[in-house]
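Quick notes on the structure that follows.
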Amino acid sequence: MTMSNSTSRKVPVTLLAVVYNEQARIRALLEQGTRWADEVLIADKGSDDGTLEICQEYGSSVRVVPLPFSPKGHENMVEIFSYPKHDWVFLVTASEIPTFNLVQEALQILEETRGDLDLIYVPRRMYSFGIHSARSPWSVCHYPFMVNRARARICNTIHVNFSPSNPKNTRMIPYREDCCVYHFTHPNAKQYLTDMMQYFEAEVTGSSDPTAKLKECLSHVASYQKRLRKDGDPLFGHYCAWLIYWLGTALYLWESQRDFDVPEYYSQLRKEVLEREWLAAEPQKGFLRRDPSTSGLSGRGISQDQAAVGIGPRSAALELFVSAASKGISLFKRLLR
């Protein structure tokens, strides 16, 4: 199925996808995009798996812009949105296929308004681990992914890359199964965990208020906990994945606020333990020797309790730990207010 001749439309649209190593999925994206978009633009982050060769099969119908590699969630959207030829940009991923009716309705809105909008909210029907469920956070969501770059606000903060300059100057396309973007995500646990580690960092980088962000993480965990557990086994994976995302983000955020160099702390602690336990002079420290009459170790000069807790004044490593612990306690006191 093909849209009417795009040259007859008054409001041209660029279909934009940011990709990296999408050989397995990009052909479906190009097959639908070249049938309706005035421009298909692939912003490629250094693919080396055959993605670019597939794009080349479509000749002048597909334009590729090379980008430096960046982890997921760290894309420079401000720069990327300077590359399309047209102001109206429909942003998709290689994991998505819009329905014919969705594209037709979006284009009709542009024709009726002459493109005089900030953005259009597009419905996504999401599948996670092969499951689509109304009880899941990965269900149906509206995203501001049809953007008028001449009017909308564009930034590089994850989840809020696009917002209207005038919230009243937007449209939202109602969801129907035959009028949405089908979004197929999280094919397996390994891929999910690999991707999420990149998103954790992006969440922290984009946070200007660590305390508020921590509260947001815990709120997200609580908001879906009962709903996901209620369905039992079918949504157990979604329950685990949801907890992993927001608790993982909280962990990265907590770590970023500690101001504590753990490798340096371990390095100092390692040296101190080595010195105290193995290099100190025998008259001062004593030395553990293997008792020839038994198969165990016998201590001389230091008790097991003393060895476990350490003796003497605070070490440099302990000072580092106490300082970091104090900062961590202060952070969570603010969180609990």
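As the structure is a computational prediction, the values presented were derived from the model and not from experiment.
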Using ring-ring contact (aromatic ring centres under 6.0 Å, His included), reason through Y192 and Y245 one step at a time and then give a plain yes or no. CA-CA 9 Å; Y192 178 79; Y245 187 84; 7.5 Å; no

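- Separation of the F145 and F90 ring centroids does not fall under the 6.0 Å cut-off.
- Salt bridge R176/D178: present, at least one basic N to carboxylate O contact under 4.0 Å.
- Under the rule for a side-chain contact (heavy atoms from CB on, under 4.5 Å), the partners of V204 that lie at least two apart in sequence or sit in another chain are Y252, L253, S256.
- Cluster partners of Y127, using a side-chain heavy-atom cutoff of under 4.5 Å among ILVMFWY residues and allowing indirect links, are Y182, F184.
- Using cut-offs of 30° and 60° for the angle between ring planes, the Y224 and W242 rings count as perpendicular.
- Q108 and Q104 share no side-chain donor-acceptor pair at under 3.5 Å.
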Hey, mind stepping through W138 and H186 against ring-ring contact (aromatic ring centres under 6.0 Å, His included) and telling me if it holds? CA-CA 10 Å; W138 295 287; H186 314 153; 5.1 Å; yes

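- In the hydrophobic clustering (ILVMFWY side chains linked at under 4.5 Å, chained through shared members), L119 is joined by Y121, M172.
- A donor atom on one side chain and an acceptor atom on the other are found under 3.5 Å apart for N76 and N156.
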Would you check, one step at a time, whether the test salt bridge (Lys or Arg N to Asp or Glu O under 4.0 Å) holds for K10 with E111? CA-CA 7 Å; K10 296 178 182 178; E111 291 300 305; 5.7 Å; no

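- Applying the ring-ring contact (aromatic ring centres under 6.0 Å, His included) criterion to Y58, with sequence neighbours excluded, gives no partner residue.
- Legend: residues meeting side-chain contact (heavy atoms from CB on, under 4.5 Å) with A202, ordered by chain and number and at least two apart, are H74, I158.
- Among residues two or more places apart in sequence or in another chain, the ring-ring contact (aromatic ring centres under 6.0 Å, His included) test is passed with H86 by none.
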